[in-house]
Amino acid sequence: MNAELKRLHSPDIYDLESFKPENPEVFGFLLQAMIGPEGKDGEESFDIEVCTPRWLEETYGIDAAVIGRHHLIVREYNYEKIVSTIKSFLRHCSGDSWSEVAEKVSRLGRWEFEDYM
């Protein structure tokens with residue numbers, strides 16, 4: 001079983017394809033990647049913070065150490081590049097069950113069922 005990107009959504013940005021950040025060097029926003037089993041119905045949310053290095057510096061401080069899990073760090077906003085990066089990552093996410101696949105995808109974004117018992 002493989003992972004497939006079904007769609008992208010952001011509660012912060014109305015239209016991801018035409019979005020232009022106010023400051024192209026300093027921005028960060030929540031991106032929800034809706035991902036499910038390839039060729040099948042169903043999707044689950046994986047939350048990714050898309051941001052620039054300068055946004056990290058301004059948010060956490062220049063001397064801070066930041067663990068990068070669930071972050072996609074970009075130099076500029078390029079919707080097509082973000083989509084292709086996510087799809088490229090997903091090509092390495094396969095397994096015998098959706099749970100196994102989703103566990104691998106959760107390295108990219110926080111899975112809505114992460115730590116769910």
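For reference, positions follow the sequence shown, starting with 1. What you see is a predicted model, and the numbers here were worked out from it, not measured in a lab.
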Check for a donor-acceptor pair, side chain of [X] on one end and backbone N or O of [Y] on the other, with a separation under 3.5 Å.
{"X": "S10", "Y": "L30", "result": "yes"}
{"X": "H70", "Y": "S106", "result": "yes"}
{"X": "E4", "Y": "G39", "result": "yes"}
{"X": "H92", "Y": "L90", "result": "no"}
{"X": "E112", "Y": "S45", "result": "yes"}

If Ile, Leu, Val, Met, Phe, Trp and Tyr residues are connected whenever their side-chain heavy atoms lie under 4.5 Å apart, and connections chain through other members, are [X] and [Y] in the same group?
{"X": "M34", "Y": "W111", "value": "no"}
{"X": "L72", "Y": "W55", "value": "no"}
{"X": "L108", "Y": "L56", "value": "no"}
{"X": "I73", "Y": "F46", "value": "no"}
{"X": "I86", "Y": "W98", "value": "yes"}

Quick check on [X]: does its [atom1] atom have over 12 non-hydrogen neighbours (other residues, nucleotides or ligands) under 6.0 Å away?
{"X": "D15", "atom1": "CG", "value": "yes"}
{"X": "R69", "atom1": "CZ", "value": "yes"}
{"X": "N23", "atom1": "CG", "value": "yes"}

Specify the closest pair of heavy atoms between [X] and [Y], including all atoms of both residues, with the distance to one decimal.
{"X": "C51", "Y": "H71", "value": "SG-CD2, 4.0 Å"}
{"X": "K6", "Y": "G42", "value": "CE-O, 3.5 Å"}
{"X": "V105", "Y": "A3", "value": "CG2-CB, 3.8 Å"}
{"X": "P37", "Y": "M1", "value": "CB-SD, 4.2 Å"}
{"X": "V26", "Y": "E58", "value": "CG1-OE1, 3.5 Å"}
{"X": "P24", "Y": "F27", "value": "O-CE2, 3.3 Å"}

Query raised in the report: Do C93 and N2 pass the side chain to side chain contact (heavy atoms under 4.5 Å, CB included) test, and can you show the C-alpha distance, the side-chain angles, and the key distance before you say yes or no?
Result: CA-CA 6 Å; C93 299; N2 299 308; over 6 Å; no

With a 4.5 Å limit on heavy-atom distance, are the side chains of [X] and [Y] in contact?
{"X": "K87", "Y": "S84", "value": "no"}
{"X": "P53", "Y": "R75", "value": "yes"}
{"X": "E38", "Y": "V101", "value": "no"}
{"X": "L31", "Y": "L16", "value": "yes"}
{"X": "T85", "Y": "V74", "value": "no"}

**Report entry** Interatomic distance, I35 atom CD1 to R7 atom CZ [nearest 0.5 angstrom]
**Finding:** 11.5 Å

Requested in this report: Working to the nearest 0.5 Å, report the span between CG of L5 and CD of E43.
Outcome: 9.5 Å

Requested in this report: Applying ring-ring contact (aromatic ring centres under 6.0 Å, His included), name anything that partners F19, two or more places apart in sequence or on another chain.
Outcome: F29, Y77

